Student: 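Next up is a structure, given as structure tokens.
This one's a predicted model, so the numbers in the text were calculated from it and none came from an experiment. Just so it is clear: chains get the letters A, B, ... in the order the sequence lines come, proteins before strands, and each one is counted from 1.
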Protein chains: 2
Amino acid sequence: MSEIERCEFLCVHDEVVKKVLSQMPKDEALYDLAELFKVFGDTTRIRILYALFEAELCVCDTSQLLGLSQTAVSHQLRILKANRLVRARKEGKNVFYSLADSHVRQIIGQGMEHVEE
Amino acid sequence: MSEIERCEFLCVHDEVVKKVLSQMPKDEALYDLAELFKVFGDTTRIRILYALFEAELCVCDTSQLLGLSQTAVSHQLRILKANRLVRARKEGKNVFYSLADSHVRQIIGQGMEHVEE
DNA sequence: ATAACATATGAATAGATGTTCATATGAAAG
DNA sequence: CTTTCATATGAACATCTATTCATATGTTAT
């Protein structure tokens, strides 16, 4: 009898396991969810998002505001856009970015509440 | 005149910049926030958290439920606990973990909404 | 005490990720 | 059309992180 089987019969309450298994979202959804949070899980991106809380900003503005290189900001904005967290609006040579939807504020808001406790 | 200065005077609207700068949280808070989201940004940890949505589970249960090694689960639960996302309750040889507070559900819920759109 | 078991921990390795550097694209101005 | 500027992109490098393996801790039962 393997270690795994042993443990299963000792610890697991069948009903609980079945209940949990039946209510777990699909792996793909969980993967996507983790990918989304990964996007929030970087100081640079969080700072960019927070800056966009207050105003729409172009890449150049953002990089100066936050003391980052233009390239770094551009790379991160690309990731934010790919995950539909920001929107881009082109105006001449500039590209202005803004928050994409209300989820961004809500997710960050909840996170901040947790951190500040 | 450096590239940076050039850009600043061309793109930045002083009022906007001042407004954004004045409303940015402290770097420390933003760092902590990113650290928190980093915790959510891993498939294994998300799966563990979701499993705990439905029931309190011991390490062994969790590892079998999710098809992970005991060690991997233990390492991840340690991180979740350090970030106050789960609670531990010792009962004999077993340690039962459960969600720590309502923020966890809310943050994950918001994230799932965004992903499912 | 000793064996069996659940959990935790430390070190090592492999894979992922952010920044930088160099360069490309595309738009406005001269 | 050539220059200047804002932005984007690709490759390389350095750092971080999750898993595994080996082992330690602490609890229960014999």
Side-chain angles (χ1 to χ4, degrees), chain A residues 1-13 30-31 34-48 56-83 86-97, chain B residues 1-13 30-31 34-48 56-83 86-97:
Chain A
M1 199 183 248
S2 77
E3 187 199 339
I4 287 177
E5 283 168 338
R6 244 184 277 139
C7 183
E8 182 170 359
F9 288 107
L10 289 177
C11 313
V12 171
H13 196 244
L30 294 171
Y31 178 82
E35 289 303 302
L36 174 67
F37 286 123
K38 226 172 264 184
V39 177
F40 287 99
D42 175 81
T43 309
T44 299
R45 287 191 290 266
I46 284 281
R47 291 175 74 215
I48 292 174
E56 140 184 292
L57 295 168
C58 70
V59 178
C60 185
D61 287 354
T62 310
S63 63
Q64 287 168 43
L65 240 152
L66 303 177
L68 300 165
S69 72
Q70 177 268 319
T71 329
V73 171
S74 187
H75 276 299
Q76 298 310 332
L77 280 169
R78 187 178 203 273
I79 293 172
L80 291 169
K81 192 183 171 194
N83 285 272
V86 303
R87 251 187 251 284
R89 179 177 69 81
K90 204 162 186 176
E91 186 179 314
K93 282 182 292 188
N94 294 312
V95 178
F96 288 92
Y97 286 88
Chain B
M1 199 181 249
S2 76
E3 186 200 338
I4 287 178
E5 283 168 342
R6 246 185 276 138
C7 183
E8 181 170 1
F9 289 106
L10 290 177
C11 314
V12 172
H13 196 245
L30 294 171
Y31 178 83
E35 289 302 303
L36 175 67
F37 285 123
K38 224 170 266 182
V39 177
F40 286 99
D42 175 82
T43 309
T44 299
R45 286 190 291 265
I46 284 282
R47 291 175 74 215
I48 292 174
E56 140 183 290
L57 294 169
C58 69
V59 178
C60 183
D61 288 353
T62 310
S63 63
Q64 287 169 42
L65 239 151
L66 302 176
L68 301 165
S69 72
Q70 176 268 319
T71 330
V73 172
S74 187
H75 276 299
Q76 297 310 331
L77 281 169
R78 188 177 202 272
I79 293 172
L80 291 169
K81 193 183 170 192
N83 285 272
V86 303
R87 253 187 250 286
R89 179 178 70 81
K90 203 163 186 176
E91 186 179 314
K93 281 182 292 188
N94 294 312
V95 178
F96 289 92
Y97 286 87

Student: Is there a side-chain contact between A/R47 and A/L68 (heavy atoms, below 4.5 Å)?
Tutor: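 A/R47 reaches A/L68 side chain to side chain.
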Student: Phosphate oxygens OP1/OP2 of D/dT19: is one of them under 4.0 Å from a side-chain N or O of B/Q76?
Tutor: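 Affirmative; the distance criterion is met.
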Student: Could you tell me the separation between the CD1 atom of A/I46 and the C1' atom of C/dT17, rounded to a whole number of Å?
Tutor: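 Value for this atom pair: 16 Å.
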Student: Measure the distance from CG on A/L80 to P on C/dT17 and round it to the nearest whole Å.
Tutor: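 The distance from CG of A/L80 to P of C/dT17 comes to 14 Å, rounded to the nearest Å.
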Student: Which whole-number value in Å describes the distance from B/N83 CG to D/dT17 P?
Tutor: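 Value for this atom pair: 11 Å.
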Student: On DNA chain C, nearest-nucleotide positions of A/D42 versus B/L77: which is more 5'?
Tutor: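 The residue whose closest nucleotide sits nearer the 5' end is B/L77.
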Student: Please report the interatomic distance CG(A/L57) to CG(A/N94), rounded to the nearest 0.5 Å.
Tutor: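 If I round to the nearest 0.5 Å, the distance is 11.0 Å.
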Student: Just the atom pairs and distances: protein N or O near nucleotides 20-22 of chain C's N or O, under 3.5 Å.
Tutor:
residue, atom, partner, partner atom, Å
C/dT20, OP2, A/S69, OG, 3.1
C/dT20, O4, A/H75, NE2, 3.2

Student: Go through the structure and list residues passing side chain to side chain donor-acceptor pair (under 3.5 Å) with B/R78, not counting sequence neighbours.
Tutor: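 Side chain to side chain donor-acceptor pair (under 3.5 Å) check on B/R78 returns nothing, list empty.
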Student: Ring pair (Phe, Tyr, Trp, His ring centres under 6.0 Å) with B/Y97: which residues, sequence neighbours excluded?
Tutor: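 Per chain and number, B/Y97 pairs via ring pair (Phe, Tyr, Trp, His ring centres under 6.0 Å) with no residue.
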Student: Between atom CG in B/D61 and atom P in C/dA6, what is the gap in whole Å?
Tutor: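 Between P of C/dA6 and CG of B/D61: 10 Å.
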Student: Expressed in angstrom and rounded to an integer, what is the separation of B/N94 atom CG from D/dT27 atom P?
Tutor: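 Atom-to-atom, B/N94 to D/dT27, this comes out as 13 Å.
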Student: From CD of A/E35 over to P of C/dG15, roughly how many Å is that when rounded to an integer?
Tutor: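 It is 17 Å, rounded to the nearest whole Å.
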Student: Can you check the B/R45 CZ to C/dA16 P distance for me, whole Å?
Tutor: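 Computing the B/R45:CZ to C/dA16:P distance gives 15 Å.
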Student: So, do B/L65 and B/T62 sit near enough that their side-chain heavy atoms are less than 4.5 Å apart?
Tutor: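 Counting from C-beta outward, B/L65 and B/T62 never come under 4.5 Å.
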Student: Check nucleotides 25-30 of chain C against the protein and report each pair of N or O atoms closer than 3.5 Å, with its distance, or say if there are none.
Tutor:
none

Student: In this structure, how many angstroms lie between the P atom of D/dT17 and the CZ atom of B/R78, rounded?
Tutor: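 Result: 14 Å.
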Student: Please evaluate residues A/K38 and B/D42 with respect to the criterion side-chain contact (heavy atoms from CB on, under 4.5 Å), reporting the C-alpha separation (whole Å), side-chain torsions for both, the decisive distance (0.1 Å), and the verdict.
Tutor: CA-CA 7 Å; A/K38 226 172 264 184; B/D42 175 82; 5.8 Å; no
Student: Are B/Y97 and C/dA6 close enough that a side-chain N or O sits under 4.0 Å from OP1 or OP2?
Tutor: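 No.
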Student: With A/R89, which residues qualify under side chain to side chain donor-acceptor pair (under 3.5 Å), at least two apart?
Tutor: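 Scan of A/R89 (side chain to side chain donor-acceptor pair (under 3.5 Å), adjacent residues dropped) gives A/E56, A/E91.
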Student: Which of these passes side-chain contact (heavy atoms from CB on, under 4.5 Å) with A/R45: A/V73, A/N83, A/I79?
Tutor: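 Result: among A/V73, A/N83, A/I79, A/I79 is the only option passing the side-chain contact (heavy atoms from CB on, under 4.5 Å) with A/R45.
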Student: Please verify the inter-ring angle class for A/F37 with B/F40; under 30° counts as parallel, over 60° as perpendicular, anything in between as tilted.
Tutor: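 The arrangement is tilted - the two ring planes meet at 30° to 60°.
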Student: Of the nucleotides C/dT19, C/dT7, D/dA18, which one has an atom closest to the side chain of B/C60?
Tutor: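 So the nucleotide nearest the side chain must be C/dT7.
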